[in-house]
Amino acid sequence: GSGARRVLECAAVAGRVFDADQLEAMGGAVAVDLLEALEEAEAARLIQPASSDQTDARLMFAHELIRQTILSRLSRLRLQHLHLRSADALERAAGESAPELAAQIVEHLCRAGSGVDPERLLRQLTMAGRHAMATAGFEEAARHFEQALGMRGPTGPEQRLELWVD
């Protein structure tokens with residue numbers, strides 16, 4: 001039905017691996033309807049558990065082609081809207097994991113269109129860059145910082161330094 005289609009659209013935008021809580025936070029459906037839609041999709045072999053670990057509640061599409069097909073059928077407006085909802089859901093759920101999720105949030109914000117608050121994106125880019133630096137992801141950190149600097153326009157050494165250190 002259309003409810004199951006909406007849930008799969010949210011899942012496709014959320015990414016290769018997703019969980020029910022994330023989809024519910026995106027507004028994919030209320031908990032009972034969401035679980036029914038996910039069970040339907042799993043029975044139809046569109047999605048499957050992300051791992052064999054019974055305690056891992058994450059799901060994934062059975063094949064990336066399924067996810068890409070769903071994404072290709074979304075209008076640009078709906079796609080941008082769902083990316084914004086996905087970023088919102090990740091931010092709300094992040095808590096202590098905020099630095100680890102910042103790169104994912106940045107990806108969704110960048111795909112959410114021009115209506116994204118630039119300060120919000122700048123804050124997430126900075127957090128993602130710092131997290132990448134802390135985990136030796138120097139190329140990723142450079143990409144995040146370059147994008148952040150590009151948003152700020154002409155900058156002096158003080159503004160560039162602000163990105164790298166607290």
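Because the structure is a prediction, the values reported are computed rather than measured. Computation of the quantities below employed the complete heavy-atom set of this structure, encompassing side-chain atoms and omitting hydrogens, waters and symmetry-equivalent molecules.
When hydrophobic clusters are built by joining Ile, Leu, Val, Met, Phe, Trp and Tyr residues whose side-chain heavy atoms come closer than 4.5 Å, directly or via intermediates, Val13 is not grouped with Met60. Hydrophobic clustering (side-chain heavy atoms under 4.5 Å, transitive across Ile, Leu, Val, Met, Phe, Trp, Tyr) groups Ile66 together with Ile47. Under the 4.5 Å side-chain contact rule for hydrophobic residues, Val116 and Ile105 share a cluster.
The shortest non-hydrogen separation linking Ala87 to Arg120 is C-NH2, 3.7 Å. In terms of heavy-atom proximity, Leu8 sits nearest to Ala41 at CD2-CB, 3.8 Å. Taking every heavy atom of both residues into account, His108 and Leu90 meet most closely at CD2-CD1, 3.7 Å. The two residues Ala20 and Leu38 make their nearest non-hydrogen contact at CB-CD1, 3.8 Å. Closest non-hydrogen pair, Ala37 versus Ala4, comes out as CB-CA, 3.8 Å. Closest of all the heavy-atom pairs between Cys10 and Leu82 is SG-CD2, 3.8 Å.
From Gln104, atom CD reaches atom CD of Glu91 across 12.0 Å, with rounding to the nearest 0.5 Å. Between atom CD of residue Gln124 and atom CD of residue Gln147 there is a gap of 12.0 Å, rounded to the nearest 0.5 Å. Rounding to the nearest 0.5 Å places CG of Leu122 at 11.0 Å from CE of Met127. The OG atom of Ser86 lies 5.0 Å from the CD atom of Gln22; values are rounded to the nearest 0.5 Å. Rounding to the nearest 0.5 Å places CG of Leu125 at 11.5 Å from CZ of Arg130. To the nearest 0.5 Å, atoms CD (Gln80) and CG (Leu77) are separated by 6.5 Å.
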Apply side-chain contact (heavy atoms from CB on, under 4.5 Å) to residues His83 and Leu79 and explain how you reach the verdict.
CA-CA 6 Å; His83 275 296; Leu79 193 57; 3.9 Å; yes
Between Thr55 and Asp53, is the side chain to side chain donor-acceptor pair (under 3.5 Å) condition met? List the steps.
CA-CA 5 Å; Thr55 63; Asp53 180 353; 2.7 Å; yes
Would you please test Val17 and Phe61 for side-chain contact (heavy atoms from CB on, under 4.5 Å) and show each step?
CA-CA 7 Å; Val17 176; Phe61 283 90; over 6 Å; no
May I have the step-by-step check of side-chain contact (heavy atoms from CB on, under 4.5 Å) for Asp19 and Leu59, ending in yes or no?
CA-CA 6 Å; Asp19 64 40; Leu59 298 163; over 6 Å; no
Evaluation steps, side-chain contact (heavy atoms from CB on, under 4.5 Å), between Leu121 and Asp117
CA-CA 6 Å; Leu121 179 55; Asp117 173 17; over 6 Å; no
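Salt-bridge check for Glu9 with Arg6: passed, with a basic side-chain N closer than 4.0 Å to an acidic carboxylate O. One finds no salt bridge joining Glu119 and Arg123 here, because no Lys/Arg side-chain nitrogen approaches an Asp/Glu carboxylate oxygen to under 4.0 Å. Salt bridge annotation for Glu64-Arg67: present, with a cationic side-chain nitrogen under 4.0 angstrom from a carboxylate oxygen. The existence of a salt bridge linking Arg92 and Asp21 is excluded, since no basic side-chain nitrogen approaches an acidic carboxylate oxygen closer than 4.0 Å.
A side-chain donor from one of Glu140 and His144 sits under 3.5 Å from a side-chain acceptor of the other.
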